[in-house]
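Working notes for the structure below.
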Amino acid sequence: MKMNKTTTWILSVALAGAVGLGGYTYLSGTEVLAQDGNGQNNGQFQRRAQQQNTNGQAVDGDMLATVAVQPASAALGSVSAAGNIALVSQRSVALGTTGVVNNLFVEAGDYVEAGETLLTLATSDLDRAVRNAELNVASIQNQIEQIMEPADLTEIALAEAELKQAQEALDDVMAGPSEEEIAAAQSNLSSAWAKYNELQAGPSQAELTQLSANLEKSEVSLAEAQREYDQIAWRNDAGATAQAAALQSATIDYEATKAAYEQSIAAADTSELQSALSSAQSAQVQLDGLLNSPTNAEIATAQASVIEAQSNLDELLAGATDSEIESLEISLEQALLNLEEAHSTLASATIVAPIAGTILDVDINLGERYTEGEVVAKIADTSQLELTIDVAEVDIAKIASGQLATIEIDALTGQNFSGEVEQIAPASDDSASIVSYPVTIRLDDASLDAILPGMTAVATIVDNAQASSGWLVPTNAIRQQGERSFVTMVTAEGASQVDVNPSTVRGEWTVVESEELQAGVQVQGSLTSFIADEETSERRPGGGMMGGGAGRAMTGGGRP
């Protein structure tokens, strides 16, 4: 342990004085401020009292020093630096689907539980998508049920009839045309050519004579009817007489006979000739087909029909194939996935809190449309706080995850909070002029209600190898009585013995565990070093002799 000359000289004198006293110390009495050999106050208090030997027997004496108890974690090896309180985590709430906001249940500052509904979107389109997906699933399930059922007897009978019909058609093709079919085709051909020739040649002389005679006969009848009518034409009811009716009938017969005569003597129409020629040619093709049948194409077509009918029957009897079932099962799986996605999209129209916490911000308005992925709110657990400080490179090796820290917040004077090192940045900020590493400390007090994000705070991180939840008392303050260890605690009411459990010895200090001790309590004991030592002038009392650098030895980012 490094000490300057002044410290070493004082320690030597104190040790010599202790030997000369033969192990005696001083009991408490009237409190006065002790001075060192140069008349300077050494920061320790003394009390007039009786002397007491190491066995606890009272003897007359002069003065006995008392020293204030310190928390072990505050005086042992530590590093301090300042920073700002921040939330441990802040979650952004984003929309899972596109839609119009129709309900908003929270506003900034509200506390919500995890899973609590924050807002909802209109779901009419999403409901339809779910229904369509459900119908698609039902349709495919129905198809699977159908192909898994055995074939209906009626369907089998129909397939058998189609096979029989196809076989008979094949037999007919293979047998070729009958004599009757050929004769009918020949007759049809002759008739078609005869009609064509008649149109092309026009009516015969006999036909013309007959038509002419009919025309003359109708003219005579018309003239006779006209004479009969003329005889009664003067009558008022002439139009209703039999003569008028006979005249009308004779007129119609004459016009029809005349039209037939004119049509017969007229040349044949081109379209009629073409139609008659086409009929004759078709009849010729039909006859040629019968004479040349069966052709290879006809046989192949008939055979294909038989094969198809047989296949249909076999499929009905065998049921669905493995490939057909697998194909439908794949389709069903895809339809179920689509249904699940539709339900998920519908569910995403209800936005819930991802964590329990306080709503920090709400950036959304009722009735407006927002797209999927837009951040509409921010939420955080304000009871989960952290402090990030910058630790200088010379001190970063002293820091490790899990180390305890004491936190003092400027806005909360006189209150200390506890924390634990949670993360150490693996790299420093290249843009900074001083090499330092961000260290994040998680605050772990049961109640952090008074602390707000952004507050300035100083953290003192205690070395785990030296940290303790106990207290620091002067080593010479500890007395032993059998297996019992105790110190004498001095209060305004007087002196009392307090049981302690000693552990680590650190030079003139010893770490003890005791439920009765607390920070600032005076115990009987003495130290040979004090805060005025040159090398410990920036440390808290008791820190210099233990080599821990207690107090706020500033690192990068800290403040005095």
Side-chain angles (χ1 to χ4, degrees), residues 93-105 114-173 297-354 367-374 376:
V93 180
L95 295 183
T97 186
T98 299
V100 176
V101 179
N102 63 350
N103 286 297
L104 182 60
F105 302 106
E116 184 175 339
T117 301
L118 305 180
L119 60 97
T120 60
L121 304 178
T123 61
S124 56
D125 293 341
L126 303 180
D127 289 332
R128 283 194 295 271
V130 170
R131 184 55 183 160
N132 286 333
E134 290 174 342
L135 292 175
N136 190 31
V137 169
S139 175
I140 298 176
Q141 288 175 332
N142 186 47
Q143 294 178 43
I144 293 177
E145 291 176 358
Q146 288 180 349
I147 67 170
M148 296 298 291
E149 292 179 354
D152 184 80
L153 295 178
T154 302
E155 293 178 329
I156 295 175
L158 180 60
E160 290 174 341
E162 291 177 349
L163 175 60
K164 182 179 181 181
Q165 183 178 359
Q167 187 63 54
E168 291 175 352
L170 176 61
D171 294 341
D172 288 344
V173 170
E298 290 173 337
I299 295 173
T301 300
Q303 289 175 338
S305 297
V306 172
I307 293 172
E308 181 179 2
Q310 184 66 58
S311 177
N312 292 337
L313 178 60
D314 293 342
E315 288 181 0
L316 286 174
L317 295 175
T321 64
D322 292 341
S323 60
E324 289 174 334
I325 296 174
E326 182 180 4
S327 177
L328 283 175
E329 288 176 343
I330 293 174
S331 298
L332 177 59
E333 184 176 357
Q334 181 62 55
L336 289 172
L337 288 175
N338 293 338
L339 176 58
E340 182 180 353
E341 183 178 355
H343 276 296
S344 177
T345 303
L346 177 60
S348 65
T350 300
I351 312 302
V352 300
E368 294 187 9
R369 186 177 185 84
Y370 296 87
T371 58
E372 179 181 353
E374 280 195 72
V376 296

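Note that the structure is predicted; figures quoted are calculated from it, not measured. The basis for the numbers below is simple: all heavy atoms, side chains too, and nothing from hydrogens, waters or symmetry mates.
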Distance, nearest 0.5 Å, that separates CG of L332 from CD1 of I325: 13.0 Å
Between S139 and L135, is there a donor-acceptor pair closer than 3.5 Å when you use the side chain of the first and the backbone of the second? no
I'd like to know whether T123 forms a side chain to side chain contact (heavy atoms under 4.5 Å, CB included) with V130, so could you lay out the CA-CA distance, the side-chain angles of the two residues, the decisive distance to 0.1 Å, and finally the verdict. CA-CA 10 Å; T123 61; V130 170; over 6 Å; no
Contact summary for A342 and A133, nearest pair of heavy atoms: CB-CB, 4.3 Å
Rounded to the nearest 0.5 Å, how far does CD1 of I147 lie from CD of E315? 11.5 Å
Between the side chain of T350 and the main-chain N/O of T120, is any donor-acceptor distance below 3.5 Å? no
Result of checking M148, Q146, Q141 against I144 for side-chain contact (heavy atoms from CB on, under 4.5 Å): M148
Take Q167 and L170 through the test side chain to side chain contact (heavy atoms under 4.5 Å, CB included) and record every step on the way to the result. CA-CA 5 Å; Q167 187 63 54; L170 176 61; 3.9 Å; yes
Shortest non-hydrogen separation from Q310 to L163 and the atoms involved: OE1-CD2, 3.0 Å
Out of curiosity, H343 NE2 to S348 OG, how far, rounded to the nearest 0.5 Å? 12.5 Å
At their closest point, which heavy atom of L126 faces which heavy atom of L346, and how far apart are they? CB-CD1, 3.7 Å
Return the minimal non-hydrogen interatomic distance between G373 and A94, and the atom names on each side. O-CB, 3.7 Å
Working to the nearest 0.5 Å, report the span between CD of E326 and CD1 of I330. 4.5 Å
Kindly check if the number of other-residue, nucleotide or ligand heavy atoms within 6.0 Å of CD (E374) is above 12? yes
Would I156 and L313 count as a side chain to side chain contact (heavy atoms under 4.5 Å, CB included) if you check the C-alpha gap in whole Å, the side-chain angles of each, and the deciding distance to 0.1 Å? CA-CA 7 Å; I156 295 175; L313 178 60; 4.1 Å; yes
Kindly indicate whether the side chain of L119, heavy atoms from C-beta on, has any atom under 4.5 Å from the side chain of N103. no
Donor-acceptor under 3.5 Å (T321 side chain, E324 main chain): yes
Rounded to the nearest 0.5 Å, what separates atom OG1 in T97 from atom CD in E372? 5.5 Å
Around atom CD of Q165, are there more than 12 heavy atoms from other residues, nucleotides or ligands closer than 6.0 Å? no
Enter the distance from N132:CG to L339:CG here, rounded to the nearest 0.5 Å. 11.0 Å
Minimum heavy-atom distance A114-P354, with the two atoms named: CB-O, 4.3 Å
Assess whether atom CG of D322 is packed by more than 12 heavy atoms of other residues, nucleotides or ligands within 6.0 Å. no
Show your reasoning for whether side chain to side chain contact (heavy atoms under 4.5 Å, CB included) applies to V101 and L121. CA-CA 4 Å; V101 179; L121 304 178; 3.7 Å; yes
Looking only at side-chain N and O atoms, does N312 offer a donor or acceptor that is under 3.5 Å from a partner on E308? no
Quick check: does any side chain N or O of T345 sit under 3.5 Å from a backbone N or O of E341, one acting as donor and the other as acceptor? yes
Smallest separation among heavy atoms of A159 and L316, with atom names: CB-CD1, 3.7 Å
